Amino acid sequence: MTDKTFLPEHVGIIMDGNGRWAKKRGLPRNAGHKKGAEVFGEISRHCRDLGIPWLTVYAFSTENWKRPKEEVDGVMNLMRSYLKDMEKAKNEHIAVRFIGDKAPFDKELKELMEKAEKADVKDVVTTVQIALNYGGRDEIVHAVKSIVKEAALGNLTPEEITEDTISSRLYSGIPNVDLIIRPSGEERLSNFLLWESAYAEFVFMDVLWPDFTPTDFDAAIEEYEKRNRRFGGV
């Protein structure tokens, strides 16, 4: 059982294994993404029930555009369906925001994302960040460009640039991630929250995302609770 005294403030999840889950069952890859979207909703509610303030999920990376058009379209249609249902869910005490470059998305999807972010959610317990067209390196480049523009205008000198300067210009602007969970058996970060994960704990799990359950989440939290987080100290 998880100890709510030592819960992480911010959990990141790399939702991996949808395609392999579908392939194992002889289904199209988008069937895996559909099942993965259902699991995402369940885990978001579980985080709320535990009282975890921040959850960031890796939904679509800057590299995922390389996938077949049918699969990319399927993921975007799932996102549209999810956002259209947000009105029903706004009483669940879960706020939603997006991080990543929204420029490539069509007008309808952008408007749905904006509406979701502006939804009047009462008594927010958990804020879910959906990383969509997101890449950790792209996020850092975005921050650097912002700093360079300010410097060019004479509003910032090199001596004034600190870690906080960069952090404040990232997409999220929320607390650094404490725990990153990656299901599917893979053990890599895949360009996810590179700056924010400098002192994150990692838990890799050999379960495909569509099979991931609240029990698996609790197991990752219990592993996190065993870690001695020294942040470079002793």
Side-chain angles (χ1 to χ4, degrees), residues 11-47 55-86 89 96-106 108-110 112-113 116 128-139 171 177 179-194 196-197 200 202-220 223:
V11 176
I13 301 180
I14 300 172
M15 303 186 296
D16 192 21
N18 294 340
R20 278 170 283 167
W21 182 90
K23 185 177 179 181
K24 283 174 64 176
R25 289 159 177 77
L27 299 170
R29 288 177 62 87
N30 280 328
H33 292 306
K34 183 177 180 182
K35 176 62 176 172
E38 293 171 7
V39 173
F40 156 65
E42 184 178 19
I43 296 302
S44 297
R45 291 186 290 273
H46 188 59
C47 284
L55 171 67
T56 300
V57 295
Y58 209 4
F60 191 85
S61 76
T62 49
E63 291 77 27
N64 285 158
W65 295 106
K66 301 172 187 174
R67 294 187 176 185
K69 184 178 185 301
E70 181 183 1
E71 182 175 351
V72 171
D73 289 346
V75 171
M76 296 304 156
N77 287 333
L78 274 173
M79 185 58 61
R80 283 189 187 87
S81 297
Y82 167 73
L83 292 173
K84 286 175 181 176
D85 285 341
M86 282 295 296
V96 173
R97 58 184 295 184
F98 296 87
I99 59 172
D101 180 6
K102 298 176 185 175
F105 300 132
D106 63 42
E108 180 195 24
L109 186 53
K110 287 177 185 173
L112 286 168
M113 291 164 73
V128 177
Q129 286 196 140
I130 301 175
L132 203 62
N133 192 32
Y134 171 88
R137 288 183 174 182
D138 177 71
E139 180 177 38
Y171 287 131
V177 66
L179 168 66
I180 290 181
I181 303 169
R182 181 164 191 163
S184 84
E186 303 291 351
E187 298 186 2
R188 57 179 177 268
L189 200 50
S190 296
N191 203 16
F192 181 57
L193 299 178
L194 297 181
E196 298 92 336
S197 65
F202 295 85
V203 174
F204 301 108
M205 308 182 82
D206 195 15
V207 53
L208 300 176
W209 176 249
D211 290 326
F212 194 85
T213 67
T215 300
D216 294 314
F217 186 89
D218 289 348
E223 175 61 30

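Predicted model, so just to flag it, every value in this text is computed and none were measured.
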Looking only at heavy atoms, which two atoms of [X] and [Y] are closest? And how far apart?
X: Ser197; Y: Leu189; result: OG-CD2, 3.7 Å
X: Arg20; Y: Leu208; result: C-CD1, 4.1 Å
X: Arg188; Y: Phe204; result: N-CE2, 3.8 Å
X: Trp21; Y: Ala31; result: CZ3-O, 4.0 Å
X: Pro210; Y: Val39; result: O-CG2, 3.4 Å
X: Ala22; Y: Pro28; result: CB-O, 3.2 Å

Measure the [atom1]-[atom2] distance between [X] and [Y] for me, rounded to the nearest 0.5 Å.
X: Asp206; Y: Arg182; atom1: CG; atom2: CZ; value: 12.5 Å
X: Phe105; Y: Phe98; atom1: CZ; atom2: CZ; value: 9.0 Å
X: Leu109; Y: Leu132; atom1: CG; atom2: CG; value: 6.5 Å
X: Met205; Y: Phe217; atom1: CE; atom2: CZ; value: 10.0 Å
X: Asp73; Y: Met76; atom1: CG; atom2: CE; value: 8.5 Å
X: Glu71; Y: Asn18; atom1: CD; atom2: CG; value: 8.5 Å

Do you see a donor-acceptor pair shorter than 3.5 Å between the side chains of Asp218 and Thr215?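 No donor-acceptor contact under 3.5 Å links the two side chains.
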Using only heavy-atom distances, determine whether the side chains of Asn191 and Tyr58 contain a donor-acceptor pair under 3.5 Å.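 No, no side-chain donor-acceptor pair sits under 3.5 Å.
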Sub-4.5 Å side-chain heavy-atom contact between [X] and [Y]:
X: Arg80; Y: Leu112; answer: yes
X: Ile43; Y: Pro214; answer: yes
X: Ile13; Y: Leu55; answer: yes
X: Glu186; Y: Ile14; answer: no
X: Phe192; Y: Val177; answer: no

Is the backbone N or O of [Y] less than 3.5 Å from a side-chain atom of [X], with the two atoms forming a donor-acceptor pair by type?
X: Tyr134; Y: Leu193; result: yes
X: Trp209; Y: Gly36; result: yes
X: Asn133; Y: Asp101; result: yes
X: Asn77; Y: Gly74; result: no

Got more than 12 heavy atoms from elsewhere within 6.0 Å of [atom1], [X]?
X: Lys23; atom1: NZ; answer: no
X: Arg137; atom1: CZ; answer: no
X: Lys110; atom1: NZ; answer: yes

Electrostatic pair Glu108:Lys84 at N-O distance under 4.0 angstrom: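 Salt bridge: yes.
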